[in-house]
Amino acid sequence: MKREMEKTYDPKKVEERTYKWWKENGWFKPEVNPDGKPYTIMMPPPNVTGQLHMGHAFDDTLQDTLIRYHRMLGEAALWMPGMDHASIATEVKVLDKIKNETGKTKQELTREEFLEEAWDWADTYRNRIREQIEKLGASCDWDRERFTMDEGCSNSVKRAFEDLYKKGLIYKGSRIINWCPDCRTALSDAEVEYEEQAGHMWHIRYPIKGEEGRYVTVATTRPETMLGDTGVAVNPNDERYQDLVGKTVILPLVGREIPVVADDYVDMTFGTGVVKMTPAHDPNDYEVGKRHNLEEINIMNEDGSLNHLAGEKYEGLDRYEARDVIVKELDELGYLDHIEDHVHNVGTCYRCGTTVETMTSEQWFVAMQELAKPALEAVKEGKTRFIPDRFTKTYNNWLENIRDWCISRQLWWGHQIPAYTCKSCGEVIVGDQPKSCPTCGSTTLIQEEDVLDTWFSSGLWPFSTLGWPAETEDLKKFYPNSALVTGYDIIFFWVARMIFMGLFEMGEVPFEDVYIHGLIRDSQGRKMSKSLGNGVDPLEVIDEFSADALRFSIITGNAAGNDIRWQEEKLTASRNFLNKLWNAARFTLMNLEETIPEIDDASLEESDKWILSRMNRVVSEVRENMDKYELGLAAQKAYDFTWNEFCDWYIELVKPRLYGEDERSKNAAQHTLNLVLTNILKMLHPVIPFITEEIYGYLPEHGEALIIESFPQTDEALDFPQEERDVNYLMDVIRAIRNIRKNLNVPNSKKASLYYKTDDREKEAILKRSHPMLMKLASVSEEMPAALPDEADLKKYTSAVAGGTEIFLALDDLVDKEKEIQRLSAEKEKLEKELVKVSKKLENPGFVQKAPEAVVNKEREKKAAFEENLKKITDRLKDL
RNA sequence: GAUUCCGUAGCUCAGCUGGUAGAGCGCUACGUUGACAUCGUAGAGGUCGUUGGUUCAAGCCCAAUCGGAAUCACCA
């Protein structure tokens, strides 16, 4: 039974039902193509901190488009979904929630109480996010869904930690690190964001010991850190301070005697050329301090207040309170020279925005030198390729200047560091929890309190999700992954780490291609952010415009690596396209029977061959673009073909045949309509899966489901260059007639007879056999087009040159001689300009000699055509 | 300071290995022709930021420069 398509497409009804149907049939699984070569994408796991935002929609749409395309190519396509526990981000949110509900702070909770809440939170958000990803139409294999803190991923983390530790690439030690006083944890370098802030530069006098009244002036932006000063440094080449080197100064307020050292680090031209050294609170001072054996005095508590090492007087003061107090005292005691305004970059916590403190602290680190090298090498050798290529530079730059990675976090939510210390003998055991100490046999083993940086587990994602360290079938089949799709904002956090972790553990890069996309910005080009409240909710967009419209808007007009500026107009345009597609299908279906007529190739007419030939070319271009990750171009080409060629021309050209008496012609048209529509659906399916699947179900002889159909292939048998030329000629004629009619304001109801002047028998034949189309599309009269009689009164005709033939419309008294002359003159002028351009080119001996023959021939043909047209127009103007 | 990106129609953006500048929206004028007014038809609109260079040929390659943005590193 043939089903009627509804007059309008209702995405709400279709999308939910279709998604369920796909999922229930297991079509998201790589097993649908058991013999296909594996194609794998790991979904960048969304954080379980909130809900899906436009960035995810962008990311996931790109991936789904790729996955669906490769599935249709017959590959065993696996899109592995999952979510990230997002250690610090989630902990902040869960603590907020607890605070709001019970008033308890972290200090008032036990780890167990907290973890119970956190797991609840994670479960809730995982479910929510999963539903949201489904709404987008994401064809990922939910049965394989993973979570960075599930048992398998946790095992991977333990194993990786152990392996790195045993190779000496993980160590524990006291180093200078970034500390967030609000989150009360260490942070890695990548987790610190710098922002410019207006501040001050305080110039402070440090008296020189044994030289009454003499002092050096140091300049600092952080006067409170002077309590931790253990030296003063000058440049060894600075003549002003030559005699000071080796002497001792007395630290004001504290009274500590500290040395003056010489170090190249000091810039003579900046400030006073004398720098106070606070090795425990400044990364540069730390380095200088190491070189000169300066003491490290950490004067700060975890919350950013000063500790007892700062001195009794200041202990307990917040760092900013302390600054005020100290400046005031320095001033009162005459140590403050002066204050300048100064703009500088201040590091802030990427999660809470608090100004971070640099301080020395006992933490766990990953030694990066040895890991970075192969990671750089692999990309250099092209084992992993960035798309677009420019991000290779970003990646290299970061890895070449990498410092050791601080991986311990003083948090509760995350993977607790798998290191155990024996209480009796002090032995450290790493990896799985041991029952007893292998050295002394003691059973009292204390695990590290801290958890790991959230990016440690994400770094294992390409293989932890496949079962590693177990040697599973999935791991063998799907590692290395084919592509990774992610934003440029996490190249450092994530991409680089996956590459060095993958190389270290698996001995192979984790993925072949890294497709880097940009950010979605608001209509004014600003980042979408919660604080600005300018975010667009993808779910609301889906609700209003459909998931397909959202996807199409995201894919078209965007090139890899570029940001997207959000415009609602684009959604309207996408929705309109869906409507167009729906209606083109509806038209086709209305004109098809329950079965597609069998035809022999000989019954195909020129318009059939033209559209098939065009379709064939578009198919090959779309495939080429898809293979090169030019998704925007691929979608654009499919769009143009559908709208401008199939709808605007083929459907219109074919109407007279569908309504006519000639069964053979009608059948050929029906056959072609069905074939072209089917291929359009297939080409568009990766981008707009719902509507294409829905329409596909209405086709008379459809297969099981479009999602598992094959992507169209280029077919040499469908290459019809002659028919393409002929139909282009017909289109030129139709356009020319329409143009004339618009110019003279002739309504379509007023039919006009068509005449021509040409020696070209072939073109004459085309005009004659296209008479039905000309009647329909150009309001030509029922009189068969004919050669213009010699005795015709030219004043009663209007004319144009189309495709090298002169055509005439008998419009009698409607012909306005003035307008006619105007129109033809304008045309003449245009042609003359073009002719000059082409002639110049051809007169240039360099061009004729050096340009490829095909290009030269093309120019010659162009010139001939221009000349011919020009002659005809000139003649016509003379006649008038 | 280093690196990168962007500058193309009124707006938002495409533009492939260099070979006659494109789309959507907007604008003008027509239009209820048996899929679609979420539409059709015809049209207007561009010295591709600027200046040099390479080339037979440059929006595309090179250099410089102006304007906007981003990332990294920072001088206390």
Side-chain angles (χ1 to χ4, degrees), chain A residues 5 7-9 189 194 201 218-222 225 233 265-267 269-278 282-285 288 342 344-345 388 390-391 393-394 396-398 401 488-489 491-492 518-519 523 525 553 556-559 561-570 572-591 621 624-625 628 630 632-633 636 639-640 644 647-648 651-652 655 658-659 735 738-743 745-749 775-777 779 834 837-838 841 844-852 854-856 858-859 862:
Chain A
M5 285 175 74
K7 194 162 161 46
T8 51
Y9 173 60
D189 294 337
Y194 289 88
M201 180 87 88
V218 302
T220 179
T221 53
R222 308 264 335 257
T225 62
Y265 157 72
V266 180
D267 180 352
T269 62
F270 189 84
T272 60
V274 186
V275 190
K276 61 193 265 315
M277 288 291 121
T278 322
D282 182 283
N284 294 308
D285 295 4
V288 176
H342 182 67
H344 59 151
N345 275 340
R390 63 173 187 265
F391 290 103
K393 215 162 185 173
T394 312
N396 289 342
N397 211 6
W398 190 70
N401 300 300
Y488 56 67
D489 48 334
I491 292 177
F492 305 142
L519 259 45
S523 57
S553 303
T556 50
N558 179 248
N562 288 359
D563 291 351
I564 292 182
R565 198 180 281 226
W566 191 257
Q567 309 171 81
E568 183 141 327
E569 295 78 34
K570 208 166 166 186
T572 315
S574 301
R575 187 201 52 197
N576 293 353
F577 176 59
L578 301 180
N579 176 257
K580 189 74 183 178
L581 178 62
W582 181 261
N583 277 293
R586 208 166 142 255
F587 171 83
T588 302
L589 268 292
M590 282 166 64
N591 288 288
E621 287 176 7
E624 213 173 291
N625 288 136
K628 283 159 51 184
E630 295 163 345
L633 284 179
Q636 188 65 47
Y639 170 99
D640 288 341
N644 304 332
C647 292
D648 288 351
I651 284 183
E652 297 306 328
K655 276 177 180 172
L658 292 171
Y659 307 141
R735 281 199 203 98
R738 283 169 172 172
N739 183 298
I740 289 170
R741 301 184 66 109
K742 290 282 174 188
N743 261 297
N745 248 325
V746 185
N748 288 334
S749 53
M775 284 198 289
K776 180 133 186 71
L777 301 186
S779 298
E834 293 291 338
K837 230 160 118 186
V838 179
K841 238 181 188 181
N844 180 348
F847 174 73
V848 182
Q849 279 163 27
K850 294 188 179 173
V855 175
V856 177
K858 223 170 138 190
E859 292 298 314
K862 248 159 57 182

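Chain letters run A, B, ... following the sequence lines, proteins first, then strands; residues in each count from 1.
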Do the side chains of [Y] and [X] get nearer than 4.5 Å, heavy atoms only?
X: Phe577(A); Y: Thr556(A); answer: no
X: Met5(A); Y: Asn583(A); answer: no
X: Phe587(A); Y: Ile651(A); answer: yes
X: Phe847(A); Y: Val856(A); answer: yes

What nucleotide among [options] has an atom nearest to a side-chain atom of [X]?
X: Phe492(A); options: C72(B), U20(B), A14(B); value: C72(B)
X: Tyr639(A); options: U12(B), G24(B), U20(B); value: G24(B)
X: Lys393(A); options: U12(B), A14(B), U4(B); value: U4(B)

Just N and O in the side chain of [X]: are any of them under 4.0 Å from OP1 or OP2 of [N]?
X: Asn397(A); N: U71(B); value: no
X: Asn579(A); N: C39(B); value: no
X: Tyr194(A); N: A70(B); value: no
X: Asn583(A); N: A37(B); value: no
X: Arg222(A); N: A76(B); value: no
X: Lys655(A); N: A35(B); value: yes
X: Lys742(A); N: G31(B); value: no
X: Arg390(A); N: U4(B); value: no

For a quick check of understanding: with a heavy-atom distance under 4.0 Å over all strands, which category does [X] fall into, base, sugar-phosphate or nothing?
X: Arg741(A); result: nothing
X: Gly632(A); result: nothing
X: Asn745(A); result: nothing
X: Ile491(A); result: nothing
X: Lys862(A); result: base
X: Glu624(A); result: nothing
X: Asn739(A); result: sugar-phosphate

(Q) Let's test your reading of the model: under 3.5 Å, does the base of A14(B) pair with the side chain of Glu630(A) as donor and acceptor? (A)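 Answer no: no donor N or O sits under 3.5 Å from an acceptor.
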Q) Can you find a donor-acceptor pair, distance only, under 3.5 Å between Lys570(A) side chain and U12(B) base? A)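 In this structure, the two groups form no donor-acceptor pair.
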Q) Is there a donor-acceptor pair under 3.5 Å between the side chain of Arg741(A) and the backbone N or O of Ser779(A)? A)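 Present.
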How far does the [atom1] atom of [N] sit from the matching atom of [M], given to the nearest Å?
N: U20(B); M: A58(B); atom1: P; value: 12 Å
N: G22(B); M: A14(B); atom1: C1'; value: 7 Å
N: A70(B); M: C36(B); atom1: C1'; value: 44 Å
N: U51(B); M: G67(B); atom1: C1'; value: 15 Å
N: G40(B); M: G34(B); atom1: P; value: 15 Å
N: G52(B); M: A9(B); atom1: C1'; value: 27 Å
N: A63(B); M: A69(B); atom1: P; value: 24 Å
N: U55(B); M: G43(B); atom1: P; value: 41 Å

Q. What is the minimum heavy-atom distance between Thr225(A) and Thr278(A), and which atoms define it?
A.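 So the two residues come closest at O-CG2, 3.3 Å.
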**Q.** Audit row: Glu630(A), Glu624(A), side-chain contact (heavy atoms from CB on, under 4.5 Å) steps and yes/no
**A.** CA-CA 8 Å; Glu630(A) 295 163 345; Glu624(A) 213 173 291; over 6 Å; no
(Q) Apply side-chain contact (heavy atoms from CB on, under 4.5 Å) to residues Tyr659(A) and Asn591(A) and explain how you reach the verdict. (A) CA-CA 9 Å; Tyr659(A) 307 141; Asn591(A) 288 288; 4.0 Å; yes
Q) Between Phe847(A) and A57(B), do the rings stack, that is, sit under 5.5 Å apart with planes less than 30° off each other? A)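 Given the distance and angle limits, no, they do not stack.
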Q | Base-paired stems in RNA chain B, each at least three Watson-Crick or G-U pairs under 3.5 Å | A |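 The stems are B:1-7 with B:66-72, B:10-13 with B:22-25, B:27-31 with B:39-43, B:49-53 with B:61-65.
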(Q) Less than 6.0 angstrom from the centroid, inside 45 degrees of the normal: does Lys580(A) satisfy that with respect to the ring of Tyr639(A)? (A)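 Checked: cation-pi criterion not met.
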